[in-house]
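All chains are named by letter (A, B, ...) in the order of the sequence lines, taking the proteins before the strands, and each is independently numbered beginning at 1. Because the structure is predicted, anything quoted here is derived from the model rather than measured.
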Amino acid sequence: MEFTPAQISLSHLDELWFQVTGTRCNLTCHHCFISCSPHNKSFDFLSRQEIQQYLQESVELGVKGYYFTGGEPFLHPDMVDILCDTLQFGPATVLTNGTVLKEQWLNRLSKAQQQCRYSLEFRVSIDGFDAPTNDPIRGDGTFDRAIRGVELLVQSGFLPIITATRTWPDSEDQKVLGEFTTMLHKRGYQHPRIKLLPSLKLGAEQARTEAYSEHERVSDTMLNTLDQQQFVCEHARIVTDRGVHVCPILIESPDSVLGQDLKNATEQPFDLNHGACFTCYQYGAICSNVSLNTTPERGSE
Amino acid sequence: MTVRLALLGGIYNNYLALEAALRQASELGAESYYCLGDIGAFGPHPDRSFPLLHQYDVQCIQGNYDDSIGNELDDCQCGYTDARDNYFAQKSYDYTLANTSDENKRFLKSLPNELILEIESHRLLLCHGSPRRTNEFLWESTTPTHFLEWFFRERQVDFIAGTHTGIKWHQQTKLGRFVNIGVLGRPENDGQTNVWFTMVEVSRDEIRTSFHPVQYDHTRLSREMHQEGLPDEFIETIETGWWTTCLEILPQKERKAGQF
Ligand code: SF4
Ligand code: SF4
């Protein structure tokens with residue numbers, strides 16, 4: 001039987017993502033699927049002006065929310081200004097590893113949030129609820145530094161969402177969550193927002209980095225049986241220094257760049273002929289601020 | 001000429017608040033009544049809301065809960081991911097499903113998922129969540145003005161009303177007015193026991209909206225919830241005005257305004 005690859009068109013641009021610091025990060029996590037590091041310059045920073053332009057363009061398209069990722073967004077010297085700019089347009093979410101946050105920045109952001117209608121969400125990612133599980137993956141001392149970041153956020157009036165990858169059996173969820181919550185209470189976070197990423201994510205990540213077999217492609221018929229909202233490319237686009245890409249997962253593939261113009265990039269359907277698309281088909285987009293939205297967890301943060 | 005409409009959001013089996021709101025709206029001169037969905041959930045005695053809806057000839061839209069109950073689905077389609085939230089949501093769903101008559105299920109099943117009204121020179125769209133999705137949450141802090149304008153353009157209307165989140169708000173845009181009408185089913189996480197409904201006044205030149213608090217016999221409601229074996233966590237919300245479950249859906253600003 002002849003194989004027709006599935007094609008997805010964007011239904012509406014709900015999420016506009018910015019790869020604001022390219023592939024630059026202060027950490028070098030083992031699982032980072034775009035291998036961010038202090039020296040990886042394969043993607044560069046976006047300037048405040050470039051972001052401003054995309055924000056302006058997004059108005060006509062009726063974008064619902066703005067998302068910032070990297071690398072580590074807070075390595076950008078203008079990150080606070082960029083977020084203040086964004087809050088003039090709509091709600092913003094930053095995915096951060098929490099290790100470089102400064103009190104002064106957070107105070108400014110807190111004021112900016114109070115003065116506008118929109119929420120500014122912080123998502124702080126960890127890979128386990130204590131240093132012995134987190135640090136071997138993220139680096140020595142990173143657990144304590146991330147928790148210190150959470151503490152600073154709380155002191156500045158934010159309610160960060162802590163996204164934690166499940167590194168224990170499901171049956172121990174309540175126990176682990178309980179211990180973690182107690183620890184956060186002691187640090188001043190009274191009603192912590194915690195989002196567990198299924199350990200499935202690890203599988204998904206692995207699958208992404210493994211070679212896909214020829215058969216692991218999404219066909220037209222496979223797509224017909226699905227709720228297309230589970231594909232990020234159905235409602236999102238991401239801007240990097242190379243242009244507007246179809247989704248955050250594929251930025252390293254040259255064909256993921258749909259041009260420099262946002263409107264144009266929302267009008268082009270995309271062939272799901274990448275192995276990674278098969279992962280989206282199998283697992284859907286994993287992780288988000290809230291359960292109903294279908295944003296992917298980066299390999300980052 | 002001014003036309004007055006009463007818009008009622010999520011009832012969640014709170015027939016006592018529904019009765020109070022209908023009386024209040026009629027005193028305010030409402031000429032027609034609309035319920036934007038989620039007639040069941042949360043509270044006691046699901047079948048007691050329907051006679052009131054019929055008595056006032058309330059035109060209803062199907063919410064996600066109504067779709068679930070009407071079609072006897074396995075859950076309420078709220079999509080909670082937290083285990084504790086799901087536990088309570090399922091408990092109240094199973095209760096509502098078991099206590100809704102077949103006739104009322106047929107009624108729920110028959111409801112449209114939106115209404116478009118043409119009044120004077122205006123076009124008003126009434127929906128449950130958003131004009132594109134019954135279960136989309138439109139919160140004040142996560143719904144940009146230009147996103148609302150996209151709906152006004154797409155649907156060629158100049159007024160949109162929804163409910164679904166449980167917290168009222170409104171926004172005038174260049175292309176029209178959006179209002180989240182709040183809900184009658186439970187207080188809006190502000191430490192008060194009252195609930196809310198919305199009046200809309202349509203005249204040739206403008207559409208005005210106003211929110212109206214409803215005081216009702218909430219002690220009776222909590223007593224009945226208790227008698228029916230509904231979760232203590234839900235009863236606490238009725239008694240204190242603070243939400244205790246399903247908080248993960250709240251964006252930061254709305255979450256911070258609450259107690260938990
Ligand atoms: S990787 Fe996923 S989100 Fe990206 S284009 Fe493929 S299916 Fe869409
Ligand atoms: S996973 Fe996140 S924190 Fe870790 S190296 Fe990648 S971008 Fe940095």
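Closest heavy-atom contact between A:Pro91 and B:Ser141: CB-O, 3.6 Å. Listed here is the closest heavy atom pair of A:Tyr118 and B:Thr143: CE2-O, 3.7 Å. Minimum interatomic distance between B:Arg255 and A:Arg193 (heavy atoms only, all atoms of both residues): NH1-CG, 3.7 Å. Minimum heavy-atom separation, B:Lys253 to A:Ser119: N-OG, 3.1 Å.
Counting heavy-atom neighbours within 6.0 Å of A:His185 NE2, excluding the residue itself, gives a total above 12. Other residues, nucleotides and ligands contribute at most 12 non-hydrogen atoms within 6.0 Å of the CZ atom of B:Arg208. The environment of B:Asn71 atom CG is dense: over 12 non-hydrogen atoms of other residues, nucleotides or ligands sit within 6.0 angstrom.
Contact count against chain A (heavy-atom pairs under 4.5 Å) is highest for B:Gln171 among B:Glu154, B:Arg84, B:Gln171. For chain B, the option among A:Gln174, A:Gln113, A:Gln190 with the highest count of heavy-atom pairs below 4.5 Å is A:Gln113.
Listed by sequence position, A:Ser58, A:Val59, A:Glu60, A:Leu61, A:Gly62, A:Val63, A:Lys64, A:Tyr66 are the residues of residues 56-66 of chain A in contact with chain B, using a 4.5 angstrom heavy-atom cutoff.
Ring centers of B:Phe151 and A:His12: at least 6.0 Å apart, outside the cut-off.
Of the possible donor and acceptor atoms, one in the side chain of B:Gln252 sits under 3.5 Å from a partner among the backbone N and O of A:Leu120. Remark: the backbone N or O of B:Thr142 is not paired with any side-chain donor or acceptor of A:Arg117 at under 3.5 angstrom. Remark: side-chain polar atoms of A:Lys195 are not paired, donor with acceptor, to backbone N or O of B:Glu248 under 3.5 angstrom.
When heavy atoms are compared at a cutoff of 4.5 Å, B:Trp169 approaches chain A solely by way of its side chain, counted from C-beta outward. For a residue to count as touching a neighbouring chain, one of its non-hydrogen atoms must lie under 4.5 Å from one of that chain's; by this rule A:Asp173 does not touch chain B.
Ring-plane geometry between B:Phe260 and A:His191 is classed as perpendicular, the angle between the planes exceeding 60 degrees on a 0 to 90 degree scale with a lower cut at 30.
Atom CG of A:Leu159 and atom CG of B:Leu247 lie 11.0 Å apart (nearest 0.5 Å).
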